[in-house]
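Everything on this sheet refers to the single structure shown next.
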Amino acid sequence: MATRALRIAACVLSACVLLTDAATAQKVPVPEEALGFKVGADFRLATYEQAVAYLRLLEQASPVIKIFEMGRTSMGKPMIYAVITAQANMSRLDRYKEISRRLALVKGVSEQEARTLAAEGKAIVYIDGGLHASECAPSQHLIQLAHDLVAGEDPATRLVRDNVVTVLVFANPDGMDLLADWYLPNVGTPYEVSPMPWLYHKYAGHDNNRDSYMTNLVETRNITRLVNQEWFPQVLYNQHQTGPFPTRIFVPPQAEPTNPNVHPLIVRYQNLFGSAMAAAFEREGKAGVVSGFRYDSWYPGYVTQVVDAHNIVSILTETNLYRFATPHFYTLEDFPEAYRDFTVSAFYPNPWKGGWWRIGDAVAYNLTASKAVLQTAAINREQILFDKYHAGSDVVARFKKEPPYAWIVPEEQWDPPTASLLLNNLTLLGIDIYTADKAFVADGIAYPAGTRVIPMSQPFGLFVKNLLEEQRYPDLTKYPDAWQGLVNPQKFKEAYLPPYDIAGWTLPYQMGVKVRAANTLLDLPMTLAEKFTAAGRVEAAAGPAYLISPKTNNSFIAVNRILKQGGEVLRARDQLSVGTDTYPPGTYVVRRGLSPAAADSMAKDLGITIAGTTRTAPPNLSPLKAPRIALYRSWTAQMDEGWTRFLLEQFEFPFTNVQDAEIKAGDLNRNYDVLVIPSMSTAAIVDGLKVGTVPPQYAGGLGDAGVRSIKAFVENGGTLVLLNHATLFAIDRLGVPVVDVLKDYRLPDRRQAADAKPVEFACPGSVLRIEFDVKHPVAYGMPEEAPGMFIQSPAFRFNPSFGGKGAVAIAKYPGEDILMSGYLKGEKYLKNGVAAADVPLGKGRVVMLGFGVEQRGQPHGTFKLLFNSLYYGAMTKQ
Ligand SMILES: [Zn+2]
């Protein structure tokens with residue numbers, strides 16, 4: 001009886017909700033009314049503007065969707081997102097945000113209260129699309145998903161609307177439009193499936209999904225704020241479209257290795273959601289769903305992996321894609337051998353058998369996946385809300401009992417503004433950082449009051465640990481339990497299993513910031529700090545000359561500003577002693593162009609120390625001119641070019657992007673002192689995009705004419721700066737007397753290690769110890785030993801047999817103990833290898849920076865090598 005009464009009440013209630021939504025709603029427009037075509041139609045892509053226009057139509061027609069702005073994109077577009085939930089929920093959004101926030105942050109919430117909040121709250125589910133813009137289907141599917149969630153009156157959709165607040169995000173609006181602008185005019189031409197010859201994010205291209213812990217990009221910061229400051233979702237679903245062929249979609253569980261700094265409950269939920277998604281596909285007869293393959297959760301730069309250490313269930317899918325919105329027919333002959341007999345496995349029980357694949361199919365797969373995520377969240381709503389609190393509470397409790405208890409950031413830093421940057425970044429990512437109210441001792445080291453402390457006993461403590469500690473990448477061949485889902489494990493014998501991305505990233509190492517783990521419990525009064533700035537100041541006398549230390553990266557901004565205004569700046573070649581202070585080689589002596597007032601505001605603005613001095617002419621000075629910088633931009637659209645361009649803008653270096661035609665035309669010395677080639681292969685530089693695969697103006701690379709022009713540029717006195725892989729260009733094409741000692745040992749590609757041949761050397765993106773000649777102008781301001789990012793890098797030896805005279809090492813790997821974080825097999829090949837070299841050629845020189853000095857805009861600790869190289873190019877003129 002009671003059951004029946006309850007059921008009637010429930011029916012009345014849902015009918016009431018339905019009535020309310022319907023009564024105030026006008027007719028809900030379908031996407032084709034706004035777009036002029038069906039979402040997922042062959043050869044058609046909606047632009048971001050069209051998508052937003054349609055969402056606004058939905059907003060006008062229905063009370064269950066609201067549009068908000070979350071900031072601007074790198075190219076200045078407003079970045080909007082849509083919230084969809086039942087009308088009754090819509091009026092209580094602030095309350096649901098508050099519940100989510102309190103359950104996520106744990107503090108001050110008892111278990112009993114958490115249960116009450118979980119019962120009251122709604123699941124917040126973030127779904128994005130289009131982060132990787134060339135993977136077109138996910139952003140298109142968001143348009144249809146919005147429609148279906150708003151208009152659907154079936155029980156499953158209503159269950160979602162009643163229990164879930166869905167947050168739909170277009171993760172890369174610029175890219176969505178760049179891609180449509182490239183592809184649509186090419187449809188029906190011979191270049192319909194040509195790759196876009198520029199990046200689909202202004203700076204990062206594909207690396208916009210490697211930026212999540214560093215938050216260099218404004219889009220990353222917008223998403224980070226949305227997730228960690230405003231909505232605190234329980235589930236985040238990030239969509240991609242590079243399914244492992246011939247499978248049709250990858251869903252969790254992820255491949256190995258599993259990152260140890262994620263609460264196991266979150267890993268279990270990922271598996272649960274993945275299985276629920278896969279079951280939905282089988283129910284709908286959609287074949288080709290695979291799990292446990294290729295995509296691992298080791299690296300925390302991804303959107304998904306930065307949030308799972310925030311106790312958010314993160315879901316990654318990779319749907320299959322031919323090219324853009326062009327359909328393709330696959331036969332069995334297209335399949336790799338191992339997939340042709342359709343053998344089934346636990347994570348691939350329903351193989352795809354070939355046939356047509358269209359963007360419409362990918363959109364349909366995305367819709368199935370998104371709806372399964374939303375329904376799983378709806379069904380498990382209360383448990384998911386409580387379990388986020390549970391995971392957070394566990395982390396809080398764990399690090400009250402076990403080390404590291406905290407991370408201490410000592411006041412004394414090599415580059416104080418960069419240390420502040422790290423702390424501000426962690427704050428944006430939802431981490432609480434404190435200031436010690438009094439002096440204290442930890443692990444036998446004394447710290448003054450004012451020292452910054454990051455306690456581990458906070459809900460996202462595992463995220464802190466993941467970023468700050470050294471990574472020990474596991475040798476997966478040792479762990480039989482990790483073999484599930486791996487094809488042909490015996491092929492990996494004596495090899496290793498590389499991660500999908502890099503193996504080590506320890507952020508304080510990358511940034512050159514000193515951070516210490518506290519291995520004893522800290523019991524001291526602390527105050528929550530909100531914003532971190534290095535205290536800049538002007539020391540000693542006001543002029544007439546000023547000294548600026550080369551140790552801080554912000555000094556480059558200061559010097560660029562002074563040079564821009566026509567000031568006179570010199571660099572000291574030796575250590576300088578002024579009074580009781582000593583300044584390292586490379587110290588800037590500003591003789592003209594800096595007034596006392598300007599010095600004061602510059603010091604405060606940039607957080608640097610500027611010292612007035614009466615010594616206007618210390619010995620051994622090299623005059624510095626503003627270098628005329630050319631940055632090579634290839635039609636092969638290199639991410640490293642984007643990141644280099646990003647850094648030059650951030651540090652206020654004026655520069656010009658030069659492309660193939662300008663280089664081939666020759667006479668580069670007329671306009672430039674320095675030419676920078678970002679990390680890319682010799683083939684990409686010289687051959688570029690293959691003739692016939694793109695419109696002719698983008699094909700062919702620099703060719704022999706371009707190589708001759710670059711050689712002439714250097715021989716006539718120019719400075720060629722080569723980054724990481726591009727250093728091999730000098731060996732391959734300029735005949736520099738340098739050899740790459742790793743040439744025969746480098747693995748062709750990460751997952752191609754499945755060769756029965758034992759692997760002798762492997763270092764899949766790790767932090768290595770590097771020694772610097774700090775008297776060399778390229779290493780000015782560096783410590784004598786510092787971490788550097790090894791990214792499939794070379795290592796050099798000079799070859800005197802063909803005239804190696806004059807080449808000098810700027811940096812080299814030490815004789816032992818090279819690995820700092822990540823994975824290194826075959827250390828012996830790297831021992832004493834040269835990591836960066838200065839090689840004279842004619843009247844000019846080639847600066848070979850053979851590791852990732854500015855990789856992804858992250859290793860602030862080695863940015864100086866790039867920036868100094870630019871100044872070096874202008875100093876050599878004297
Ligand atoms: Zn992708």
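In listed order, ligands and their atoms are each counted from 1. All values derive from a computational prediction rather than experimental measurement. Numbers here simply count residues along the sequence, with the first being 1.
- With respect to the Zn ion (ligand 1), His240 has ND1 as its nearest N, O or S atom.
- How far OH of Tyr339 is from CG of Leu332: 13.5 Å, rounded to the nearest 0.5 Å.
- The atom of His132 that is an N, O or S and sits closest to the Zn ion (ligand 1) is ND1.
- Exactly one of Thr224, Thr215, Asn216 qualifies for a side chain to side chain donor-acceptor pair (under 3.5 Å) with Asn425. That residue is Thr215.
- Counting all heavy atoms, side chain and backbone alike, Met196 lies closest to Leu178 at SD-O, 3.5 Å.
- Of the possible donor and acceptor atoms, one in the side chain of Gln50 sits under 3.5 Å from a partner among the backbone N and O of Thr47.
- The Zn ion (ligand 1) has an N, O or S atom of Glu135 under 2.8 Å away, backbone or side chain.
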